[in-house]
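Structure first, commentary second.
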Amino acid sequence: EVQLVESGGGSVQAGGTLRLSCATSGFFFDDYTIGWFRQAPGKEREGFSCIRSDGDTYYSDSVSGRFTISRDSAKNTVYLQIYTLEPEDTAVYYCAAYRPRARGVCTVRAPRYDYWGQGTQVTVSS
């Protein structure tokens, strides 16, 4: 079955660094775009980054410059490196996957995504 499993979250002080992992199985990894989403308490789920099979990436303005997304086909895993964490980054972070229907920049619109992980908690203290 299709599975996406996030890991690497935890509690960190502001200014710290985390690397989140999204380990996938049950589908052909290289046919899918992978996105990262986060949901803070009381807020809507926010898509902020995605990466296509060819390595093309997208970052929202809210994370550009501090977040780096990457993928490793040998491990069927996508990574999210977060630098200079801020308390506002506190959220549950989810990875998700969709099969692109047309070529173009990847999207972080949640309805496009077919498969979702369970999330990993990131807590940033000031």
Side-chain angles (χ1 to χ4, degrees):
E1 64 180 15
V2 171
Q3 288 192 325
L4 288 80
V5 180
E6 302 93 340
S7 62
S11 298
V12 62
Q13 291 185 336
T17 300
L18 284 174
R19 187 180 73 161
L20 308 185
S21 298
C22 173
T24 74
S25 61
F27 61 94
F28 187 52
F29 180 78
D30 287 342
D31 281 347
Y32 280 76
T33 291
I34 308 296
W36 282 99
F37 298 74
R38 63 184 182 181
Q39 187 165 22
K43 296 184 179 179
E44 299 291 327
R45 184 170 296 187
E46 171 198 17
F48 60 86
S49 186
C50 52
I51 183 166
R52 302 194 322 195
S53 179
D54 64 3
D56 189 43
T57 60
Y58 165 82
Y59 302 95
S60 70
D61 290 342
S62 66
V63 305
S64 182
R66 296 191 299 114
F67 287 40
T68 301
I69 191 171
S70 61
R71 62 192 293 158
D72 185 340
S73 294
K75 298 180 179 179
N76 292 345
T77 298
V78 169
Y79 302 97
L80 182 73
Q81 186 77 36
I82 313 175
Y83 299 94
T84 318
L85 280 154
E86 304 170 352
E88 293 74 20
D89 295 321
T90 295
V92 178
Y93 283 70
Y94 301 88
C95 62
Y98 76 92
R99 186 193 295 270
R101 295 186 291 272
R103 294 189 177 186
V105 66
C106 59
T107 181
V108 293
R109 292 182 61 252
R112 288 291 305 277
Y113 285 80
D114 300 313
Y115 307 117
W116 292 81
Q118 294 298 308
T120 184
Q121 177 71 49
V122 172
T123 302
V124 184
S125 301
S126 61

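Atom set for the values below is all heavy atoms of this structure, side chains included, hydrogens, waters and symmetry mates excluded. Each residue takes its place number in the sequence, starting with 1.
For T24 against N76, the heavy-atom pair with the smallest separation is OG1-O, 2.8 Å. Between C106 and Y58, the shortest heavy-atom distance links the atoms SG-CB, 3.8 Å. For the residue pair V92 and G119, the shortest heavy atom distance occurs at CG1-CA, 3.8 Å. Closest approach of W36 to S21, counting heavy atoms only: CH2-O, 3.8 Å. V122 approaches V124 most closely through the heavy-atom pair CG1-CG2, 4.0 Å. The two residues A97 and L4 have their closest heavy-atom pair at N-CD2, 3.9 Å.
Although no hydrogens or angles enter the test, the distance criterion places a donor-acceptor pair under 3.5 Å between the side chain of R71 and the main chain of R52. Side-chain N or O atoms of R45 include none that pairs as donor or acceptor with a backbone N or O of Y94 at under 3.5 Å.
Of the listed residues (R38, Q121, E6), just one forms a side-chain hydrogen bond (donor to acceptor under 3.5 Å, both in side chains) with Y93, and that residue is R38.
In the hydrophobic cluster analysis, where Ile, Leu, Val, Met, Phe, Trp and Tyr join through side-chain heavy atoms closer than 4.5 angstrom, L20 is grouped together with F67.
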> Passes side-chain contact (heavy atoms from CB on, under 4.5 Å), C50 versus V108? Steps please.
Replying inline: CA-CA 6 Å; C50 52; V108 293; 3.9 Å; yes
> What do the steps show when you test R66 against Y83 for side chain to side chain donor-acceptor pair (under 3.5 Å), and what is the final call?
Replying inline: CA-CA 5 Å; R66 296 191 299 114; Y83 299 94; over 6 Å; no
>> Pair Y113, T33 - check side-chain contact (heavy atoms from CB on, under 4.5 Å), show working.
In response: CA-CA 9 Å; Y113 285 80; T33 291; 4.2 Å; yes
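In this structure, F37 has its ring center closer than 6.0 angstrom to the ring center of W116.
Residue D30 qualifies as enclosed at atom CG: its count of foreign heavy atoms under 6.0 Å is above 12. No more than 12 heavy atoms of other residues, nucleotides or ligands shown are found within 6.0 angstrom of CD on Q118.
In terms of the ring pair (Phe, Tyr, Trp, His ring centres under 6.0 Å) criterion, residue partners of F27 (sequence neighbours excluded) are, by chain and number, Y32, Y115.
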